[in-house]
Amino acid sequence: MRKDIISIIAALFFSVLVKAQHNDVYMFSYFKHNGEDGLHLAYSNDGYRFTALNNNGSFLKPQVGKDKLMRDPCIIRGANGLFHMVWTVSWGDKGIGYASSPDLLHWSEQRYLPVMQHEPGVLNCWAPEITYDAKNRKYMIYWASTVPGRFAATDSSGDGNYNHRIYYTVTKDFIEFSPSKILYDKGFNVIDATVVYDRNEYIMFLKDETKRPVPQKSIRVARSKKICSEYGVPSKPITGNYWAEGPTALKIRGQWFVYFDKYTDHRYGAVVSDNLENWTDISDRISFPEGARHGTVFTITQKEFESFFGR
């Protein structure tokens, strides 16, 4: 009898846990066209089919930077309950955009963060992302920049004069920031990094931006025990025989889902893995809103979704 009771309690606990997991709503922030109309949002209940909100219209118009664009929007939930967002403001600027929101609808005043202002010749600040360091209660903001001549050996490896590396800064309050430093340099042109924490390590998904002499244009994985340093050499490509960029990753029911922009095919793709080693391409099983470009996936609760969007 005692064993039966324990079994029933365990089964109930498992069913509640599964239900809680299934009550997560997977959100996707993205841009369209050149990013001139701002932030777009979509949602999914299963991680496969994402449906646009607001009739695929913009939720927030860009207001900062030379070009006033909102490309590559990255949203995370902060320790204070706010959602924090960073984005690319221009094709050729020395900073990025930042805003926060309690509900993904009402946003703070947009701010321009001059993260590479100290580098006179820097060409760009592209695809910024944020990762929260819970241990030290800090946020790491990171992005790709080209500083001409700094990594001369690979100056001719990319598109035009671009030879990117990943840089970062750290902040506790989005007011004061540490000096920008190199986060990832393994001797090749790299862009579009995203970092997630899992099982006592930080996992970086990144784009090998090498175009010459042999095009790579693929998503790879690097790992570290420290959020701001010591990421190892990248894995073999986890994407297939196509050009991919803008990876964004989420663990769903024990499996890693990595979504990415198949930008030359004008559609989204995805791969899944349960061990970060063996990957299966599921691009033919997913759907994203028409025109969706380089975005970020994150989760909110069903209750939040209903409160924010009235669904």
Side-chain angles (χ1 to χ4, degrees), residues 26-44 46-53 55-58 69-75 87-88 91 124 126-129 143-144 157-160 162 164 166 188-194 196 204-221 234-250 252 255-273 276 278-298:
Y26 309 112
M27 299 294 297
F28 181 64
S29 60
Y30 62 100
F31 77 98
K32 294 173 61 179
H33 306 299
N34 194 33
E36 63 276 6
D37 74 335
L39 172 66
H40 293 254
L41 295 172
Y43 74 97
S44 174
D46 60 7
Y48 288 89
R49 178 181 175 82
F50 285 83
T51 301
L53 292 163
N55 294 316
N56 209 6
S58 172
L69 301 178
M70 191 171 281
R71 297 173 61 88
D72 323 314
C74 171
I75 297 176
W87 66 90
T88 303
W91 284 97
N124 62 320
W126 289 354
E129 299 233 358
W143 62 92
S157 67
D159 292 290
Y162 291 105
H164 313 276
I166 305 299
F188 66 95
N189 201 334
V190 59
I191 196 171
D192 295 355
T194 185
V196 293
M204 178 188 290
F205 299 92
L206 56 94
K207 179 191 179 185
D208 185 338
E209 181 67 344
T210 302
K211 187 176 183 179
R212 302 179 184 86
V214 179
Q216 302 300 321
K217 303 288 188 175
S218 56
I219 309 303
R220 301 173 185 255
V221 185
S235 69
K236 295 179 180 179
I238 66 173
T239 48
N241 188 27
Y242 43 77
W243 287 11
E245 68 180 14
T248 182
L250 192 64
I252 302 176
Q255 274 197 314
W256 284 103
F257 281 63
V258 179
Y259 307 98
F260 47 86
D261 190 344
K262 279 187 171 184
Y263 61 106
T264 56
D265 293 342
H266 307 290
R267 59 160 298 182
Y268 248 76
V271 291
V272 297
S273 173
L276 295 172
N278 303 304
W279 295 88
T280 300
D281 195 306
I282 58 166
S283 298
D284 60 346
R285 297 169 56 191
I286 64 168
S287 64
F288 279 76
E290 183 179 359
R293 299 289 314 280
H294 189 153
T296 301
V297 66
F298 60 101

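Both backbone and side-chain heavy atoms feed into the values below; hydrogens, waters and symmetry mates do not.
With sequence neighbours excluded, no residue satisfies side chain to side chain donor-acceptor pair (under 3.5 Å) with Ser29. In this structure Thr51 satisfies the side chain to side chain contact (heavy atoms under 4.5 Å, CB included) test together with Tyr43, Arg49, sequence neighbours excluded. Qualifying side chain to side chain donor-acceptor pair (under 3.5 Å) partners for Thr88, counting only residues two or more places apart in sequence or in other chains: Asp72. Residues that satisfy the side chain to side chain contact (heavy atoms under 4.5 Å, CB included) test with Ala42, not counting sequence neighbours, are Phe28, Tyr30, Phe50, Pro289. The side chain to side chain contact (heavy atoms under 4.5 Å, CB included) check on Asp208 picks up Phe188, Thr210, Gln216, Ser218, Arg220, with sequence neighbours excluded. Legend: residues meeting side chain to side chain contact (heavy atoms under 4.5 Å, CB included) with Ala144, ordered by chain and number and at least two apart, are His164, Ile166, Ile191. Applying the side chain to side chain donor-acceptor pair (under 3.5 Å) rule to Glu209 yields the partners Lys207, Lys217; only residues at least two apart in sequence or on another chain are considered. Contacts of Trp143 classified as side chain to side chain donor-acceptor pair (under 3.5 Å), with partners at least two apart in sequence or in another chain: Ser145.
Remark: the backbone N or O of Asp46 is not paired with any side-chain donor or acceptor of Tyr48 at under 3.5 angstrom. A donor-acceptor pair is defined here as one N or O able to donate and one able to accept, closer than 3.5 Å; no such pair exists between the side chain of Thr194 and the backbone of Thr248.
The heavy-atom pair separating Gly47 from Ile252 by the smallest distance is CA-CD1, 4.0 Å. Closest non-hydrogen pair, Thr296 versus Pro73, comes out as OG1-O, 3.3 Å. Nearest heavy-atom pair, Phe260 versus Val271, reported as atom, atom and distance to 0.1 Å: CE2-N, 3.8 Å. Minimum heavy-atom separation, Ala127 to His294: CB-CE1, 3.6 Å. Residues His40 and Lys32 approach most closely at CE1-CD, 3.3 Å, considering heavy atoms. Nearest heavy atoms, Ala292 versus Phe288: CB-CB, 4.5 Å.
The aromatic rings of Trp126 and Tyr162 are tilted relative to each other, their planes meeting at an angle between 30° and 60°.
Separation of atoms CD1 (Ile238) and OG (Ser273) is listed at 8.0 Å; rounding is to 0.5 Å. Atom CG of Asn124 is separated from atom CH2 of Trp91 by 9.5 Å, given to the nearest 0.5 angstrom. Distance OG/Ser283 to OH/Tyr242: 4.5 Å, rounded to 0.5 Å. With rounding to the nearest 0.5 Å, the separation of CZ in Arg71 from NE2 in His33 is 12.0 Å. We find the CH2-CG distance between Trp87 and Leu69 to be 11.5 Å, quoted to the nearest 0.5 Å. Atom CD1 of Ile219 sits about 13.0 Å away from atom CH2 of Trp243, to the nearest 0.5 Å.
Residue pairs meeting the salt bridge (charged side-chain N to carboxylate O under 4.0 Å, His left out) criterion with at least one partner in residues 259-269, sequence neighbours excluded, are Asp261-Arg293. Judged as a salt bridge (charged side-chain N to carboxylate O under 4.0 Å, His left out), not a single pair has a partner in residues 278-287 (not counting sequence neighbours).
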Please walk me through it: do Phe31 and Asp37 pass side chain to side chain contact (heavy atoms under 4.5 Å, CB included)? CA-CA 8 Å; Phe31 77 98; Asp37 74 335; 5.9 Å; no
Carefully, step by step, assess Leu250 and Phe298 under the rule side chain to side chain contact (heavy atoms under 4.5 Å, CB included). CA-CA 7 Å; Leu250 192 64; Phe298 60 101; over 6 Å; no
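Leu206 is not listed as a side-chain neighbour of Asp192, based on a closest heavy-atom distance of 4.5 Å or more. When side chains are defined from C-beta on, Trp279 counts as touching Val258, because their heavy atoms get closer than 4.5 Å. Taking the side chain as every heavy atom from C-beta outward, Trp256 and Val272 never approach each other to under 4.5 Å.
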